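Since we're looking at a predicted model, the values are computed, not measured. Every chain is numbered from 1, with letters handed out A, B, ... down the list of sequences.
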There are 2 protein chains.
Amino acid sequence: MDAQVLDQTFAALADPTRRAILARLASEKRGVGVMELAAPFAMSLPAVSKHLKVLERANLISRGREAQWRPCTLEPRLLKEAANWIERYRELWEERFDQLDSVLEQLQNPQDN
Amino acid sequence: MDAQVLDQTFAALADPTRRAILARLASEKRGVGVMELAAPFAMSLPAVSKHLKVLERANLISRGREAQWRPCTLEPRLLKEAANWIERYRELWEERFDQLDSVLEQLQNPQDN
DNA sequence: ATATTATTTCACCATATGGCTAATTAACTG
DNA sequence: CAGTTAATTAGCCATATGGTGAAATAATAT
């Protein structure tokens, strides 16, 4: 509901690296270290570190301490908030598909008009 | 599915002015002009014009021409794409609520353990 | 032709973002 | 203690973002 929260959430999601990191974390129960998260990307470790900081400040991930590792864990709570916000538009995009359906129907059965 | 599309969509949603504009357009069947869209905001017309350009380039709105007005219309198609992306995490946040539920249950019925 | 209304473009400014390398901190290991 | 591994911080750069006021464009109205 809070505008700032949605700002941070959507801004955090507006980057392919960060979305990939979230996807990776979604498929792991355990916390995942930075090296491991960074491996698939053609970018430096500090760059990934920055992305993680963005995700952390947006409260989309949390980080622990385990020896010299900082394992990251997905925090899906605010994803739910973002989903809730978008869901308010669901009836609009479904309505639009209904309209498209009737257009297609007319194209196939022009005698209907 | 396209990463760039999600980039643009989420980036466009990461601003309260733009989300408010979308909300306004969602509640109107007719196209809405720029002056009218700008009215609620404490910012200049060029600023609103810029926001509209962001929304247009993200294909979240389309714009027509009607005399000297450029009526804006909501295009919900890519909102659906964004919703689809987030939905893949639904089971995660619901699982988390399940865990919270069982925690609350334990707090209320400690004899269960 | 001139004026009015709606909207955009231009030129500017401050701040944020995403990337880099090099240096630093933190924790473990020999 | 010295060395190794993990990660962050610092300093830098290029580009993007969100705002401004002033000027330009587009269409209508007088």
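- Listed by chain and number, the residues in a salt bridge (Lys or Arg N to Asp or Glu O under 4.0 Å) with Arg65(A) amount to none (sequence neighbours excluded).
- Atom CZ of Arg70(B) and atom P of dT25(D) are 16 Å apart (whole Å).
- Judged as a salt bridge (Lys or Arg N to Asp or Glu O under 4.0 Å), and not counting sequence neighbours, the contacts of Glu56(B) are Arg63(B).
- Annotation: ring-ring contact (aromatic ring centres under 6.0 Å, His included) contacts involving residues 62-89 of chain B, sequence neighbours excluded, comprise Phe10(B)-Trp85(B), Trp85(B)-Tyr89(B).
- Listed nucleotides: dA26(D), dT8(D), dT5(D). Nearest to the side chain of Gln68(A): dT5(D).
- Ser49(A) pairs by the side chain to side chain donor-acceptor pair (under 3.5 Å) definition with nothing, not counting sequence neighbours.
- Applying the salt bridge (Lys or Arg N to Asp or Glu O under 4.0 Å) criterion to Arg18(A), with sequence neighbours excluded, gives no partner residue.
- A heavy atom lying under 4.0 Å from DNA chain C marks the following residues of residues 45-58 of chain A, by number: Pro46(A), Ala47(A), Lys50(A), His51(A).
- Within residues 10-18 of chain B, no residue has a heavy atom under 4.0 Å from DNA chain C.
- The stretch residues 37-51 of chain B participates, sequence neighbours left out, in no salt bridge (Lys or Arg N to Asp or Glu O under 4.0 Å) pair at all.
- The list of salt bridge (Lys or Arg N to Asp or Glu O under 4.0 Å) pairs with a residue in residues 35-47 of chain A, not counting sequence neighbours, reads Arg24(A)-Glu36(A), Arg30(A)-Glu36(A).
- With sequence neighbours left out, Ala20(A) forms a side-chain contact (heavy atoms from CB on, under 4.5 Å) with Phe41(A).
- From the 5' end on, the contacts that DNA chain C makes with chain B at under 4.0 Å to a non-hydrogen atom open and close at dT5(C) to dT9(C).
- What separates CD of Glu66(A) from P of dA6(D) is a distance of 13 Å, to the nearest Å.
- Exactly one of Leu55(A), Leu60(A), Ile61(A) qualifies for a side-chain contact (heavy atoms from CB on, under 4.5 Å) with Leu25(A). That residue is Ile61(A).
- Legend: residues meeting salt bridge (Lys or Arg N to Asp or Glu O under 4.0 Å) with Arg19(B), ordered by chain and number and at least two apart, are Asp7(A).
- Taking atom CE of Met43(B) as the reference point, atom C1' of dG18(D) lies 8 Å away to the nearest angstrom.
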